[in-house]
2 protein chains.
Amino acid sequence: MFSRACEYGIRATILIATHSIVGERVSLKDIARKTDSPLAFTGKVLQQLVKGGIVTSVQGVNGGFEIGRKQMEETRLSQIVAAIDGEQIFRACGLGLQECNAKKPCPLHDKFASIRNDLKTMLEGTSILDLSTGLKDGLTFLQR
Amino acid sequence: MFSRACEYGIRATILIATHSIVGERVSLKDIARKTDSPLAFTGKVLQQLVKGGIVTSVQGVNGGFEIGRKQMEETRLSQIVAAIDGEQIFRACGLGLQECNAKKPCPLHDKFASIRNDLKTMLEGTSILDLSTGLKDGLTFLQR
DNA sequence: CCAAAACAGGATAATTTTGTCCTGTTTAAA
DNA sequence: TTTAAACAGGACAAAATTATCCTGTTTTGG
Ligand code: FES
Ligand code: FES
């Protein structure tokens, strides 16, 4: 569904948010360990998220990654996915035709577009904060 | 969503069915042309579908690919996807955790599993014949 | 100032996916 | 019987994705 890079990015962002909620920064080293992701590669993904304005990085001793309260309330999962995998997942034809077009639909168009739209709606309706609260309360997990 | 290989396989299968409906076989060459897919690679994908019992191949002059009436009625899109991409798409965790488990869910589990299940239901409820009739009648397309 | 923590980013490598090429076998028609 | 159409399958190549390594810069505390 999502690329590995995107999965790492989402997991990292959720972890960062749970720390930011309690006023802490979290280092790449900790992110990689707590989300069971490859460190250097996750670092690259985080660079994309910083450029995309999803999270903030702070260099130097006691640096790390953080995300503001407002940001975690307003940023949608769809934005993380778009920042890493692009918009294609929201627009592409299920059978790989060069464009999805209701005027010249592929045989799966109606059924596929419906589900693709549900996915889009779900991702647009889910904030980082939504995903972080369950983790903070120990109800959800980022490993196993 | 689906791999390229899977997209080619689905398009090929639908095309084969529309020809089988009118009692014709279709060659790999024609499949590649009419579905705008790379010939040799599509050939590999078709080998998988033959092994998977989705379509039948006939060698020699006047050979090609075909699919029986009963097969096209009974075979579900989910089976093509499973034959090429595997069952992972129906089971995998949206955030890439090693397994999706409601007892130890990732933060996205509830929302993701719901959509993944809708996708599964859709693919299981769609037969090759369903997809082929619109194409035969010129209402749907396999290119552009 | 200096050392260490921590991110940035370029280069490179490994793996997977996608795609091509070539040779062999089967089969029907001429 | 010969020929050509057509699939099967192994070997190889290209491209994309995933992953690692190394060097540089920033920053803070001692
Ligand atoms: S044209 Fe294929 S999903 Fe819309
Ligand atoms: S645990 Fe992640 S989708 Fe079920």
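In what follows, every heavy atom counts, from backbone to side chain, and hydrogens, waters and symmetry copies are set aside. Quick note on labels: first sequence line is chain A, next is B, and so on, each numbered from 1.
- Rounded to an integer number of Å, the gap from CD1 of A:Ile31 to P of C:dA8 is 10 Å.
- For B:Gln47, whose side chain is taken as the heavy atoms from C-beta onward, the closest listed nucleotide among D:dG9, C:dC21, D:dT28 is D:dG9.
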Discussion item. Run the side chain to side chain contact (heavy atoms under 4.5 Å, CB included) test on B:Thr140 and A:Leu108 for me, step by step, so that the C-alpha distance in whole Å, both residues' side-chain angles and the decisive distance to 0.1 Å come before the verdict.
Written reply: CA-CA 9 Å; B:Thr140 62; A:Leu108 194 62; over 6 Å; no
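- With A:Arg25 contributing its side chain and A:Asn62 its backbone, the two residues share a donor-acceptor pair below 3.5 Å.
- In this structure a side-chain-to-backbone donor-acceptor pair under 3.5 Å is present from B:Gln143 to B:Arg33.
- OP1 or OP2 of C:dT27 has not a single side-chain nitrogen or oxygen of B:Gln59 nearer than 4.0 Å.
- Nearest to the side-chain atoms of B:Ser27 among the listed nucleotides D:dA8, D:dC7, C:dT18 stands D:dC7.
- Between A:Leu46 and A:Ala12, the closest heavy-atom pair is CD2-CB, 4.1 Å.
- Nearest-nucleotide positions on DNA chain D place A:Tyr8 closer to the 5' end than the other of A:Tyr8 and A:Asn62.
- Minimum atom distance to the side chain of A:Ser57 is reached by C:dA8, of the listed C:dA8, D:dT18, C:dT18.
- Among the nucleotides D:dT18, D:dG10, D:dC7, the one closest to any side-chain atom of B:Lys44 is D:dG10.
- Atom CZ of A:Phe65 is separated from atom C1' of C:dA5 by 13 Å (rounded to the nearest Å).
- Picking from D:dT18, D:dC21, C:dT18 the nucleotide with the shortest atom distance to the side chain of B:Arg4 gives C:dT18.
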